[in-house]
Amino acid sequence: MNPPPERLHVAASPFGAKRKGIQRTKTLFLATSDPRTQTHVEGERFRLEDLDIDEKRICDELNCHLHFKVKEGYEMKNLPKFHDLTRYGVRADQELGLWKSEVRRLASVVRSPEPPILKASPEWFGRADSEGYNRLHIIGLAVCFALDVCLHDNELVMLEFQPPLANVETFSTAHKRLLRNFNPNEGTTRYDRNIKLDKHNSEAYQTLVNYLTASLARLLIRTMKGQFWVDNCLSTVAKFAAKLKVVGADLPRAICRAFEAQKEFQVRMGQRAKSQAIIQSVTITSQRSGDGEENNDNPMAKQQAVLQTDLDTSGSRYFMVMDAFYHSIGMLLAASVVGLVWNEGTDQPADIFETSATVYDTGLRGTKTQLCRERDGSIGVAGERNVIHCAGMAFDACREIWDKLPSTPAPPGPYTSLDWNWTELTDSGNLGPSSPRSGKLTVMSDVITALVPYLMFCGVFPTQLAHMTRVAILISDPTEPVEYYQHGGYLAVAQIRTSRHRTLYGAQFQSVFESPMAQQRALAGVTGDEWERNSASRALRSRYTATNEKFRNALEQVDNWIIDERSIIVTSVLYSWVVLVGIGIVVLGGVALVAMRDSIPNVDPSNLTVLVWTAAGFAVVYAKSRRVEDWPWRDFLRGRVVCRSVTEVNAVTKVEPQLLLAILLRYETRMFLKKRGPFNNLFDRKSEDGFSIDVPPLVETAAAGGHIFIKVDSLNGPALVGLQGHIWGNYESVSPKDRTREGSSLICRDFDDPARYRLTTENGKGEDASGGSRDLPLPLYPICTNELNWYRVQGIFSEKALFG
C-alpha cells in the first residue's frame with residue numbers, strides 16, 4: 001500500500017547520507033519540527049464576534065446550478081441540479097423557499113452564543129428506557145433511509161455528468177440498503193417493518209433533523225474559516241435538511257421516486273450493461289488514483305486525480321465543489337446518525353450498550369491517538385494530526401452542550417450515564433487543569449442531546465471531517481484561502497452507558513474508558529469536582545508527567561544517533577578515549593620498566609614487554625566486547641559504537657529497552673532501519689541481516705508504539721486482532737463480525753496457551769509492565785498475519801503480557 005501524500009513528503013526529506021553503500025540517517029527528523037507531531041494546527045482561535053455570515057449572499061447562490069461563477073468573467077449556466085426536490089412533489093419556488101428557510105435557521109444557530117438543544121416534548125421520545133430507545137431507533141432508521149435517498153440521487157447526477165468524481169461505493173451501498181428494506185414496485189416496506197412512530201412521528205422526525213443539522217453546521221463553522229467554506233457548508237447542510245424533511249414525510253413513496261430516477265439514468269445511458277461498464281471503469285480509475293482498495297471512495301484521491309488529468313479544471317469545477325461538500329457532508333450526517341440506531345444483526349436489546357472514546361497522549365512529543373468503542377461494538381483507532389484536531393473541535397461542541405444538560409443524582413428507574421473529562425495542555429505540553437464531569441439522564445430528549453455531538457467525536461466522523469477540510473483547501477481560491485481555526489493541545493475521554501448494561505470485562509481486556517490509554521494517558525481516572533485534593537488523581541497526573549519525561553529524555557538521546565539499515569550507531573568518544581588512554585598508560589609503564597632494566601636485578605626485560613603488551617591487548621578486547629558483540633576498529637577509534645540489537649543499545653546508552661521499542665515502533669516509517677528476530681513480528685521492515693529485536697515488547701509498549709490489540713471471539717476460540725494508530729493513519733476499526741485476509745493484519749490465534757518469558761534487567765531481576773521486579777515470567781503471545789474470522793469483539797487487550 002502506498003503511503004498518504006503527507007507521509008511521502010517526510011520520506012523524501014534529505015536527512016540521509018550514504019556510506020559504503022549503506023543508507024544512514026541521523027534521527028533529527030523525530031523532533032517537533034515535523035508538523036505532524038505538533039499539538040495544534042497553526043492559525044487563530046475561533047471568536048464568535050469575528051464570524052461573518054452573509055445570508056443574502058448564501059441564499060443568492062442556492063440556485064448555483066442555474067448560474068455558477070467559475071472565475072472572473074466565466075460563468076456556467078443550466079448545470080445539473082443536486083438535491084432536486086421537484087421530483088418529490090415540491091414546486092421550484094417552494095424548493096427555493098425551503099432552502100432559504102433552512103439557511104436562516106442554521107445561520108441563527110451558528111451565530112448564537114448558546115449551543116443547540118433538542119427541543120422536544122417529553123412524550124415524543126419518552127424516557128431513557130427500552131421503549132424510549134426503540135422509539136429513537138425507529139426515527140433514526142427513517143433518517144438513515146432518507147439520507148440514503150439524498151446520497152443516491154446526488155451520486156446518480158455525478159455518475160452521469162462527471163464519472164471520475166462519482167463515489168461508486170456510496171451509491172452502491174445506498175442503493176442496496178434501500179432495495180433491501182423497501183419494495184420500489186409496490187411502494188411499501190419489506191416484511192412490514194415499522195419506520196414510523198404511532199404518535200408524534202412527524203414532530204419527532206423533524207425535531208431530530210433540525211438538531212442534527214444544527215449541531216453539524218455549528219461544528220463545521222467552528223472548524224475552519226473563509227467565505228468559500230462558510231457559504232458552502234451552510235448552503236449544503238440547509239439543502240440536506242430540506243430534503244431529509246421532504247423525503248421523510250413519505251419514505252416509501254420517495255424511495256419509489258428515487259428508483260425511478262435510477263431507471264431513467266439507465267435508459268439515458270443506453271442500457272444496463274453499459275451503465276455497469278461505466279461504474280466498473282470508474283471503480284478501476286479510483287483504485288489506480290487512490291491508495292489501494294481502501295480508498296476507492298476517498299474524495300481527496302479523486303479530486304487530486306481530476307486535477308492531475310485535467311489541466312483546465314474550470315469546466316469541472318462545479319462538480320468538484322459539489323462533490324467536496326455534498327458527498328462529504330452526506331457522509332458526516334451518516335456518521336452522526338449511525339449511533340442512534342442499534343445493530344439489528346445482534347440479539348442485544350436497544351437499551352443495553354456502552355460506548356466510549358478518548359484522545360490520549362502517547363508520550364512521544366505530543367503525538368495523540370483517537371481510540372473509540374462505538375455503539376455497535378466496533379473498536380477503532382486513528383492518529384493523523386488533522387483527525388486529532390477535528391476530534392478536539394468536536395469535543396468542544398460536546399462540552400458546550402453537555403454542560404447545559406440536567407442530571408438526576410440517583411434516578412429511581414432506568415437512566416443513561418454520561419461521564420467525561422477534559423484536560424488542557426499548555427503550549428509546552430504540560431498538564432493544565434482537568435474538568436471531570438458526570439451525569440445521569442432519564443429523558444430520551446436529553447440522551448439524544450448528549451448522543452448526537454458525542455457521535456461527532458467518536459468513530460469515523462473526525463476522519464471524514466479531516467478529509468473534507470483537506471479537499472476544501474485543495475480546491476479553494478488561493479487568494480481567499482480556507483484555513484483551520486487553532487485548537488490547543490488537549491486530552492479528552494467520554495463514555496455513554498445505559499443503566500442496564502453490565503460490565504463483562506476481565507483482567508485480560510477492558511473497555512476503552514477503563515483501558516490504560518484512557519485512564520492513565522487521557523486522565524480518565526481523575527474524578528470529582530475537587531480532584532486537586534484527591535491523592536489518587538494527583539498520583540495519576542504525576543505518573544503521566546513522569547512517563548512523558550522518560551520519553552523526552554530517551555528521544556533526546558535518539559536524536560543524536562545515526563541509524564542505517566542494519567544498526568544504530570551511538571557516539572561514545574569518552575569511552576573510547578578512556579580505554580585508549582588507559583592502554584597507553586599501561587604500554588608506557590611497560591616501556592618505563594624496560595628502560596629501568598639495569599635497576600631491577602634478576603628480571604628479563606623482554607618478559608616484561610610481553611606481559612605488558614598481553615595485558616594491553618586483553619584490556620582492549622575486553623573493552624570492545626563488553627557492551628557490543630562486533631565493534632569495528634574504525635568506529636572504535638572514531639568513538640562510535642555500532643549496536644546491532646536492543647540489548648546492545650541499552651548496554652551502551654542505558655535507554656530502557658521498552659522505551660526504545662516504543663520509539664522504534666512509533667517512528668518506523670521514518671527510519672531506514674530493518675529488523676530481525678526473534679521478536680520483530682510487530683515491525684514492517686524485516687531483514688535477516690537487520691537490527692535484532694531481542695527483547696519482546698510489552699502490551700503497553702506496543703500501544704505506545706501505535707499497535708493496539710483487540711480481544712475477539714473467533715471461530716477457533718479467543719484471539720487478538722491488531723489495530724495501528726500511526727501518526728499518518730486515518731480511522732480503522734475492528735467490527736463485531738469480520739475477518740482478516742492472509743497478510744493484511746497482525747493477529748494472535750494461539751491465545752489460550754501462550755509461552756512464558758522473563759524480562760531481565762542488568763541485575764538479573766524480572767521486570768513487569770511498569771518497570772518493577774516480578775517473580776513469575778510473563779505470558780508471551782505469538783503474533784502472525786494469518787487469516788482470521790471472528791463473531792464478537794470483547795474489548796481492549798490490556799493484560800500484563802508480551803508479544804513475540
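Keep in mind the model is a prediction, meaning the values are calculated, not measured.
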Arg222 side chain near Asp396 side chain, heavy-atom distance below 4.5 Å: no

field: Spacing of CE belonging to Met224 relative to CG belonging to Leu465, to within rounding of 0.5 Å
entry: 9.0 Å

statement: Tightest non-hydrogen contact, residues Ala357 and Cys458, listed as CB-CB, 3.9 Å

- request: Any chance you could measure Tyr360, atom OH, to Ile388, atom CD1, to the nearest 0.5 Å?
  value: 9.0 Å

field: Heavy-atom side-chain contact between Arg135 and Met444 under 4.5 Å
entry: no

message: Does any part of the side chain of Glu203, heavy atoms only, come nearer than 4.5 Å to the side chain of Ser121, both counted from C-beta?
response: no

- prompt: Counting only N and O atoms by type, is there a donor-acceptor contact under 3.5 Å from the side chain of Ser434 to the main-chain atoms of Pro436?
  reply: no

- prompt: Looking at Gln370 and Gly459, what are the two nearest heavy atoms and their distance?
  reply: NE2-O, 3.2 Å

- prompt: Rounded to the nearest 0.5 Å, how far apart are NZ of Lys440 and OG1 of Thr416?
  reply: 11.0 Å

- request: Kindly check if the number of other-residue, nucleotide or ligand heavy atoms within 6.0 Å of CD (Glu732) is above 12?
  value: yes

query: Just by distance, do the side chain of Tyr205 and the backbone of Leu197 share a donor-acceptor pair under 3.5 Å?
result: no

task: Check whether any side-chain N or O of Ser172 sits under 3.5 Å from a backbone N or O of Val168 as a donor-acceptor pair, and report yes or no.
output: no

query: Hey, mind stepping through Leu51 and Phe46 against side chain to side chain contact (heavy atoms under 4.5 Å, CB included) and telling me if it holds?
result: CA-CA 8 Å; Leu51 185 61; Phe46 173 82; 4.2 Å; yes

query: Between the side chain of Thr173 and the main-chain N/O of Glu169, is any donor-acceptor distance below 3.5 Å?
result: yes

query: Hey, does the side chain of Trp229 reach the backbone of Leu220 with a donor-acceptor pair shorter than 3.5 angstrom?
result: yes

task: Applying side-chain hydrogen bond (donor to acceptor under 3.5 Å, both in side chains), run through Tyr326 and Lys239 and close with a yes or a no.
output: CA-CA 9 Å; Tyr326 287 12; Lys239 290 183 178 181; 3.0 Å; yes

query: Any salt bridge between Asp129 and Arg127, counting N to O under 4.0 Å?
result: no

- prompt: Between OG of Ser235 and CG of Asp60, what distance do you get to the nearest 0.5 Å?
  reply: 12.0 Å

Considering all heavy atoms, the nearest Ala261-Leu156 contact: C-CD1, 3.8 Å

Interatomic spacing from CG in Leu96 to CG in Asn63 - rounded to 0.5 Å: 5.0 Å

message: Checking Asn232 against Glu61 for the side chain to side chain contact (heavy atoms under 4.5 Å, CB included) test, could you report, in this order, the C-alpha distance in whole Å, the side-chain angles of both residues, the deciding distance, and whether it holds?
response: CA-CA 9 Å; Asn232 279 284; Glu61 295 176 356; 5.9 Å; no

field: Closest non-hydrogen atom pair between Leu219 and Met456, with its separation
entry: CD2-SD, 3.9 Å

- request: Check Ile448 against Pro453 and note the closest heavy-atom contact, atom names and distance.
  value: O-CD, 4.4 Å

- prompt: Is there a donor-acceptor contact under 3.5 Å linking the side chains of Thr170 and His327?
  reply: yes

field: Exam field: side chain Thr236 to backbone Cys233, donor-acceptor pair closer than 3.5 Å
entry: no

query: Do Glu514 and Ser356 have side-chain heavy atoms sitting under 4.5 Å apart?
result: no

query: Under 3.5 Å, is there a donor-acceptor pair between the side chain of Tyr133 and the main chain of Ile352?
result: no

message: One pair to check against salt bridge (charged side-chain N to carboxylate O under 4.0 Å, His left out): Lys199 and Glu123. What are the steps and the verdict?
response: CA-CA 9 Å; Lys199 296 180 180 179; Glu123 61 180 326; over 6 Å; no

query: Hey, does Asp54 have a side-chain heavy atom less than 4.5 Å from the side chain of Gln227?
result: no

query: Within the distance-only criterion (no hydrogens, no angle test), does the side chain of Arg257 pair as donor or acceptor with the backbone N or O of Arg87 below 3.5 angstrom?
result: yes

query: Rounded to the nearest 0.5 Å, how far does OG1 of Thr213 lie from NZ of Lys245?
result: 6.5 Å

- prompt: Judged by atom type as modelled, is there a donor-acceptor pair below 3.5 Å linking the side chain of Arg105 to the main-chain atoms of Asn210?
  reply: yes

Mutual orientation of the aromatic rings belonging to His152 and Phe259 [parallel < 30°, tilted 30-60°, perpendicular > 60°]: tilted

message: Which label fits Phe325 and Phe228: parallel for a plane angle under 30°, tilted from 30 to 60°, or perpendicular past 60°?
response: perpendicular

query: Taking 4.0 angstrom as the limit, do Asp50 and Lys225 come out as a salt bridge?
result: no

- prompt: Is Phe240 close to Leu332 at the side-chain level, that is, under 4.5 Å between some pair of heavy atoms?
  reply: no

query: Heavy-atom distance under 4.5 Å between the side chains of Ile379 and Leu371, does that happen here?
result: yes

- line: Here the pair of heavy atoms bringing Gly330 nearest to Leu147 is O-CD2, 3.7 Å

query: Trp422 ring centre to Arg399 NZ or CZ under 6.0 Å, with the angle to the axis within 45°?
result: yes

field: side-chain hydrogen bond (donor to acceptor under 3.5 Å, both in side chains) partner of Asp153, chosen from Lys81, Lys243, His83
entry: Lys243

message: Could you check, using the six-membered ring where one of them is a Trp, whether Phe395 and Trp402 have ring centers closer than 6.0 angstrom?
response: yes

Heavy-atom side-chain proximity of Glu384 to Thr463 below 4.5 angstrom: no

message: With no hydrogens and no angle check, just 3.5 Å: does a side-chain donor-acceptor pair link Tyr454 and Thr355?
response: yes

message: Can you confirm whether the side chains of Asp323 and Asn167 place a donor and an acceptor under 3.5 Å from each other?
response: yes

- prompt: Donor-acceptor pair, Thr189 side chain versus Phe182 backbone, under 3.5 Å?
  reply: no

- request: Check the pair Ile401 / Val452 against side chain to side chain contact (heavy atoms under 4.5 Å, CB included), numbers first and verdict last.
  value: CA-CA 10 Å; Ile401 293 173; Val452 167; over 6 Å; no

- prompt: Can you say whether the rings of His389 and His487 are parallel (under 30°), tilted (30 to 60°) or perpendicular (over 60°)?
  reply: perpendicular

message: Consider side chain to side chain contact (heavy atoms under 4.5 Å, CB included). Of Asp148, Val149, Val247, which one does Ile255 pass it with?
response: Val149

message: As a quick check of understanding, evaluate side chain to side chain contact (heavy atoms under 4.5 Å, CB included) for Tyr731 and Gln464, giving each step before the final call.
response: CA-CA 9 Å; Tyr731 190 79; Gln464 291 175 337; over 6 Å; no

- prompt: Just checking, Arg375 and Phe353: is the charged tip under 6.0 Å from the six-membered ring centre and within 45° of the axis?
  reply: yes

